[in-house]
Number of protein chains: 2
Amino acid sequence: MKNTLTNRQQEVYDYLKRESRITGVMPSTREIQHFFGFASQTAAMNHLRALEKKQVIQRVPGKARAVVFPDELDREEIVDIPIYGNIAAGMGQDVDHEKEGCISIDIRSLGLKHNARTFALKVRGESMVDAHICDGDTVVLEFREPRKNDVVAALIDGETTLKRYVVENGKPFLRAENEMFPDLIPARELIIQGVLVALVRNAA
Amino acid sequence: MKNTLTNRQQEVYDYLKRESRITGVMPSTREIQHFFGFASQTAAMNHLRALEKKQVIQRVPGKARAVVFPDELDREEIVDIPIYGNIAAGMGQDVDHEKEGCISIDIRSLGLKHNARTFALKVRGESMVDAHICDGDTVVLEFREPRKNDVVAALIDGETTLKRYVVENGKPFLRAENEMFPDLIPARELIIQGVLVALVRNAA
DNA sequence: TCGAATAGTGTTCAAATAGATACATGAAGA
DNA sequence: TCTTCATGTATCTATTTGAACACTATTCGA
């Protein structure tokens, strides 16, 4: 009795969902009426009532366009993290951050603070497998000062690479996260673009 | 001239964002008025006009509560993936899927299809590091038939573990993703709960 | 075969809402 | 100094919109 929408009700539900996502505005009863070609606005009202009874929407009485999807209501806050480019493949120093897409994800899953300034980079190549970061992964970086043993994105010779930020004898160094490159680069001389805070892998 | 909101305008913007997220309904100009204690509804109108001029909101003329956030508009569709429990720590066979939270993420970042049936599990322990899956990672699994070399979640002795689904001599086997356990278990005898499609790591 | 749920038409009303117009004041810039 | 912008008050209007009421027809399960 909860989720068994009729075909027609599913159509109305899908319309509401689609329209509110694309336009950002929930349709009014009359917009529903006209979309489905109803001769009467009451038909739309009836469908809304039915959908509400079956728990898939909620309505706030007396307010205009006040149809709410309960699922989306108890959702965490969502942030849009811009993807700026590739690791070890570009992202010059002063490239003015040309966006190549976006990750939209709730802040809790990434453990982000609300005000954190973050961006993302696509990983190319197998150079970070030692840190369990694979080719094709998307790493999320925060723009802040690195702490000891953070993984950081550093700009070296015009290329961005991931290194671990280590402190030895009180001095900061960058250690490569790949045993093929046992470098130890003084951290003071380079530009650290961000600190790794999260990772998203698409394995499909 | 774009992003330089005044303090008051930022307050109004935050109010709109917060209210629409929590209640699911965008405030009307009169609700804005009353929230801020304006004596006139025009004050709210003026602020909306200012915010629109500065590009942080859009409005649809003639429609009620039709304030839109442009950033959220060109966002991909977002799915809520329920987190059901831990890998190698529980999730009995017929546990009726008690939800322990949710990952909300756009479908494109995870490469999911719109209709895919997915769920997520928290990884406990270092047993999957060979597949570059670490303690604390959240794996996203799809409920479908495994293909060759997929990583699958299998129920063995009342525990869920990740294995690789391999086919040798035409017969399916599960191979442990940890060199400490070089098992090769006939796949026919077990319950495969899902196929790994994505992974989210919180490194912060 | 009776009632409930589904799916509509047609009409009317009142509340919710956007929007316009006139006016005021103070701060910031040119 | 003059103008623009930010931030308001006060009032009125037209439109949008939810909501109620009366009525019809079909399907489906008990």
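Quick note on labels: first sequence line is chain A, next is B, and so on, each numbered from 1.
- Side-chain contact, S40(B) with Q33(B): no donor N or O sits under 3.5 Å from an acceptor N or O.
- Side chain of R201(B) to main chain of A198(A): no donor-acceptor pair is present (N/O by atom type, distance under 3.5 Å, no hydrogens or angles).
- Bounding nucleotides for the chain A contact on DNA chain D, 5' to 3', at a heavy-atom distance below 4.0 Å, are dT17(D) to dC21(D).
- Salt-bridge annotation for E31(B) and K63(A): present, with a side-chain N of the basic residue lying under 4.0 Å from a carboxylate O of the acidic one.
- When the C1' atom of dA5(C) is taken as reference, atom CG of L51(A) falls 14 Å away, rounded to whole Å.
- Annotation: cation-pi pair K17(A)/F69(A) present, NZ/CZ under 6.0 Å from the ring centroid and within 45° of its normal.
- Taking side-chain N and O atoms only, K54(A) has a distance below 4.0 Å to OP1 or OP2 of dT6(C).
- Using a 4.0 Å heavy-atom cutoff across all strands shown, R30(A) reaches at least one base atom of the nucleic acid.
- Test R175(B), R144(B), K163(B) against D150(B) for salt bridge (charged side-chain N to carboxylate O under 4.0 Å, His left out) and you get one pass: R144(B).
- Comment: D106(B) does not engage R75(B) in a salt bridge, judged by the lack of any side-chain N to carboxylate O separation of less than 4.0 angstrom.
- Side-chain N/O atoms of R8(A) include one lying less than 4.0 angstrom from OP1 or OP2 on dG8(C).
- Residues N7(B) and A64(B) each lie close to DNA chain D; by heavy-atom proximity, the contact nearer the 5' end of the strand is made by N7(B).
- In this structure, the ring-ring contact (aromatic ring centres under 6.0 Å, His included) partners of F36(A), at least two apart in sequence or on a different chain, are Y15(A), F38(A).
- The distance between atom CZ of R65(A) and atom C1' of dT17(C), rounded to the nearest whole Å, is 11 Å.
- Within residues 32-47 of chain A, the residues having any heavy atom closer than 4.0 Å to DNA chain C are, in order of number, F38(A), A39(A), S40(A), T42(A), A43(A), N46(A), H47(A).
- Smallest separation of non-hydrogen atoms from S20(A) and M26(A): CB-CE, 3.7 Å.
- Atom CD of Q9(A) and atom C1' of dA5(C) are 9 Å apart (whole Å).
- Here dA18(C) presents its C1' atom at 13 Å from CD of E52(B), a figure rounded to the nearest Å.
- Within the 3.5 Å criterion, the main-chain N or O of G125(A) finds a donor-acceptor partner in the side chain of D135(A).
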